[in-house]
Engineer: 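One structure follows; several queries about it will come next.
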Amino acid sequence: MRVWVPYEEMLDDLSASANKVQGDLYDGGAVPETIDDVEFYVVPYMSGAHTFELVASMPRLRVVQTLTAGYEDVLPHVPSGVRLCNARGVHDASTAELAVGLIIASLRGFPAFFRAQLDGAWAHERRVSVADRTVLILGYGSVGRAIERRLIALEASVVRVARTARPDEGVFGIEDAGPLLADADVVVLALPLTADTRGLVDAGFLAAMKDGALLVNVARGAIVRTEALLPEVEAGRLVAALDVTDPEPLPPDHPLWRCPGVIVTPHVGGNSTSFLPRARRLVRDQVDRYAGRRDLRNVVA
Ligand SMILES: NC(=O)c1ccc[n+]([C@@H]2O[C@H](COP(=O)([O-])OP(=O)(O)OC[C@H]3O[C@@H](n4cnc5c(N)ncnc54)[C@H](OP(=O)(O)O)[C@@H]3O)[C@@H](O)[C@H]2O)c1
């Protein structure tokens, strides 16, 4: 069985495994000559569309394993008969940490303090705490739960919203989100980009949020209609903290960059030191399962 992985460390893991696996390194650069034989393809992490398009040139392919939790961009390239597995779980801690970091930074006014620091100005003032705020998490999945655990430690009240209501778990369905939005001080997006969620956060959604509320997006940029968000943040009625944007990357002259009340991070939710060790564990386990003809984890298509 031939496996392509994007990191030397993953190749070492394959060599150390008891399975008869032949590994090649493909990190998005030069394409290995073994493309006709690859059966299990670990797509390089956030390395561009050409790494998905390559799937069409792999005649023996059986499994595509992404290292991202989101898979909307690779899905259209996966032929029938090939399983697609995502990296659900790998990024939870890192992304939740960033989401909570963005909430704290925005509510406590870190950007204004950083600007004042540049001028040597002691800008003492009272800011909003996370404690006692109501945070609505839209997308109560793997990442959403990890965000909740951290927010509870900060003494916030969490409202859970998913696609489907689960009253026994205290989870509201998306159809009930309208009135809940009006009570939330912070709305965190942690849901996948699908046909149903593209543009979900439109002018009506934003209008339903309370004055001064914070929108945090650690999901995918296109879930939010940027053209609807811009007037809300430009007017100062809402504030926002965006790890993902539409368009992405955000061009240098985009008005979101310079909007007061907006914090932008360049899609780094999952990209921290916790990524590679967790990604290696997932890939090792998945290759073992595949070689042992056991069920794969995280099969999404
Ligand atoms: N910024 C980053 O670097 C970064 C890192 C990791 C993940 N992400 C993004 O976060 C997303 C979520 O990841 P995950 O691993 O937590 O996924 P997950 O475990 O599959 O959870 C997704 C959650 O979203 C909900 N959902 C799906 N469609 C919905 C809809 N139409 N309306 C409302 N809720 C909906 C699901 O509801 P049900 O429970 O009812 O199905 C589920 O609760 C990923 O798809 C990815 O795009 C971003």
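Below, all heavy atoms of this structure are taken into account, side chains as well, without hydrogens, waters or symmetry copies. Values in this document were obtained by computation on a predicted structure and should not be read as measured data. We count ligands from 1, going down the list as the structure has it; atoms in each ligand are counted the same way.
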Engineer: Looking at atom 7 (C) of ligand 1, what's its closest protein heavy atom, distance included?
Structural biologist: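 Of every protein heavy atom, Ala69 CB, 3.6 Å lies nearest to atom 7 (C) of ligand 1.
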Engineer: In terms of residue, atom name and distance, what is the protein heavy atom nearest to atom 44 (C) of ligand 1?
Structural biologist: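 Here the closest protein heavy atom is Gly70 N, 3.9 Å.
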Engineer: Measure across Gln286 and Leu296 and return the closest heavy-atom pair with its distance rounded to 0.1 Å.
Structural biologist: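 Taking Gln286 first and Leu296 second, the nearest heavy atoms are O-CD2, 3.5 Å.
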Engineer: Look only at interatomic distance and state if Val143 has a nitrogen or oxygen under 3.5 Å from any nitrogen or oxygen of ligand 1.
Structural biologist: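 Yes, Val143 has an N/O under 3.5 Å of an N/O on ligand 1.
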Engineer: Check ligand 1 against Gly139 and write out every atom of the ligand that is under 4.0 Å from a heavy-atom position of the residue.
Structural biologist: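 Reading through ligand 1 atom by atom, the close ones are 23 (C), 24 (O), 25 (C), 43 (O).
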Engineer: Evaluate the salt bridge (Lys or Arg N to Asp or Glu O under 4.0 Å) criterion for residues Asp202 and Arg225: first the C-alpha distance (whole Å), next the side-chain angles of each, then the deciding distance (0.1 Å), finally the verdict.
Structural biologist: CA-CA 5 Å; Asp202 58 9; Arg225 288 203 187 282; 5.2 Å; no
Engineer: Checking Arg145 against Tyr140: charged group under 6.0 Å from the ring centre and within 45 degrees of the axis?
Structural biologist: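 Yes, cation above the ring, under 6.0 Å and within 45°.
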Engineer: Less than 4.0 Å is my threshold; does some heavy atom of Thr197 fall inside it relative to ligand 1?
Structural biologist: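 It does; at least one heavy atom falls under 4.0 Å.
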Engineer: For Ala87 and Gln65, which heavy atoms make the closest approach, and how far apart are they?
Structural biologist: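 What the structure gives for the nearest pair is N-NE2, 4.1 Å.
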Engineer: Looking at Thr164, which atoms of ligand 1 are within less than 4.0 Å of one of its heavy atoms?
Structural biologist: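 Ligand 1 atoms under the 4.0 Å threshold to Thr164: 40 (O).
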Engineer: Are Arg237 and Glu232 within salt-bridge range, i.e. N to O under 4.0 Å?
Structural biologist: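 Yes.
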Engineer: Please could you name the atoms of ligand 1 that Asp243 approaches to less than 4.0 Å, counting only its heavy atoms?
Structural biologist: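 With Asp243 as reference, the close atoms of ligand 1 come out as 1 (N), 2 (C), 3 (O).
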Engineer: Has ligand 1 got any nitrogen or oxygen that is less than 3.5 angstrom from a nitrogen or oxygen of Arg88?
Structural biologist: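 N/O-N/O distance under 3.5 Å: yes.
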Engineer: Looking only at protein heavy atoms, which one is nearest to atom 27 (C) of ligand 1, and what is the separation?
Structural biologist: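 Going atom by atom, the protein heavy atom closest to atom 27 (C) of ligand 1 ends up being Pro192 CD, 3.5 Å.
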Engineer: Please work out, at 4.0 Å between heavy atoms, whether the side chain, the backbone, both, or neither of Leu191 comes within that distance of ligand 1.
Structural biologist: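 Leu191 to ligand 1: contacts from backbone and side chain alike.
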Engineer: Below 3.5 angstrom, do we get any N/O pair linking Ser142 and ligand 1?
Structural biologist: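 Yes, there is a polar N/O contact under 3.5 Å.
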Engineer: Please check whether Gly270 reaches ligand 1 - meaning an N/O of the residue sits under 3.5 Å from an N/O of the ligand, judged on distance alone.
Structural biologist: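 Between Gly270 and ligand 1, an N or O pair is found under 3.5 Å apart.
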Engineer: Between the side chains of Asp285 and Arg281, is the shortest nitrogen-to-carboxylate-oxygen separation below 4.0 Å, so that they form an ion pair?
Structural biologist: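 No salt bridge links Arg281 with Asp285.
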Engineer: If you compare all heavy atoms of Ser94 against all heavy atoms of Gly269, which two are closest, and at what distance to 0.1 Å?
Structural biologist: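 Minimum heavy-atom separation between Ser94 and Gly269: OG-O, 2.6 Å.
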Engineer: To which protein heavy atom is atom 5 (C) of ligand 1 closest, and what is the distance rounded to 0.1 Å?
Structural biologist: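 Atom 5 (C) of ligand 1 sits closest to the protein heavy atom Thr95 OG1, 3.0 Å.
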Engineer: Any Lys/Arg nitrogen of Glu148 or Arg160 sitting under 4.0 Å from an Asp/Glu carboxylate oxygen of the other?
Structural biologist: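 Yes, charged N to carboxylate O under 4.0 Å.
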Engineer: Within less than 4.0 angstrom of ligand 1, does Thr194 place any heavy atom?
Structural biologist: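 No, Thr194 has no heavy atom closer than 4.0 Å to ligand 1.
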Engineer: Going by the order shown, which atoms of ligand 1 are within less than 4.0 Å of some heavy atom of His267?
Structural biologist: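 By the 4.0 Å cutoff, the relevant atoms are 1 (N), 2 (C), 3 (O).
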Engineer: Is Asp185 salt-bridged to Lys210, going by a charged N under 4.0 Å from an acidic O?
Structural biologist: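 Result for this pair is yes, salt bridge flagged.
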Engineer: Examine Gly141 against ligand 1 and note whether any of their N/O atoms are separated by less than 3.5 Å.
Structural biologist: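 N/O-N/O distance under 3.5 Å: yes.
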Engineer: Return the closest protein heavy atom for atom 34 (N) of ligand 1 as residue, atom name and distance.
Structural biologist: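 It is Arg163 N, 3.2 Å.
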Engineer: I'd like to know if Arg166 contacts ligand 1, where contact means a heavy-atom distance under 4.0 Å to any ligand atom.
Structural biologist: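 So Arg166 counts as touching ligand 1.
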Engineer: Show, in sequence, the C-alpha distance, side-chain angles and deciding distance for Thr226 and Asp246, and conclude whether the side chain to side chain donor-acceptor pair (under 3.5 Å) test is met.
Structural biologist: CA-CA 6 Å; Thr226 303; Asp246 182 26; 4.7 Å; no
Engineer: Taking both backbone and side-chain atoms of Val218, is any N or O found less than 3.5 Å from an N or O belonging to ligand 1?
Structural biologist: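 Yes: some nitrogen or oxygen of Val218 is under 3.5 Å from one in ligand 1.
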Engineer: Pairs of nitrogen or oxygen atoms closer than 3.5 Å, one from His91 and one from ligand 1: do any exist?
Structural biologist: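 Such a contact does not occur with ligand 1.
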Engineer: Checking side chain to side chain donor-acceptor pair (under 3.5 Å) for the pair Thr134/Asp183: CA distance, chi angles, key distance, verdict?
Structural biologist: CA-CA 7 Å; Thr134 298; Asp183 290 328; over 6 Å; no
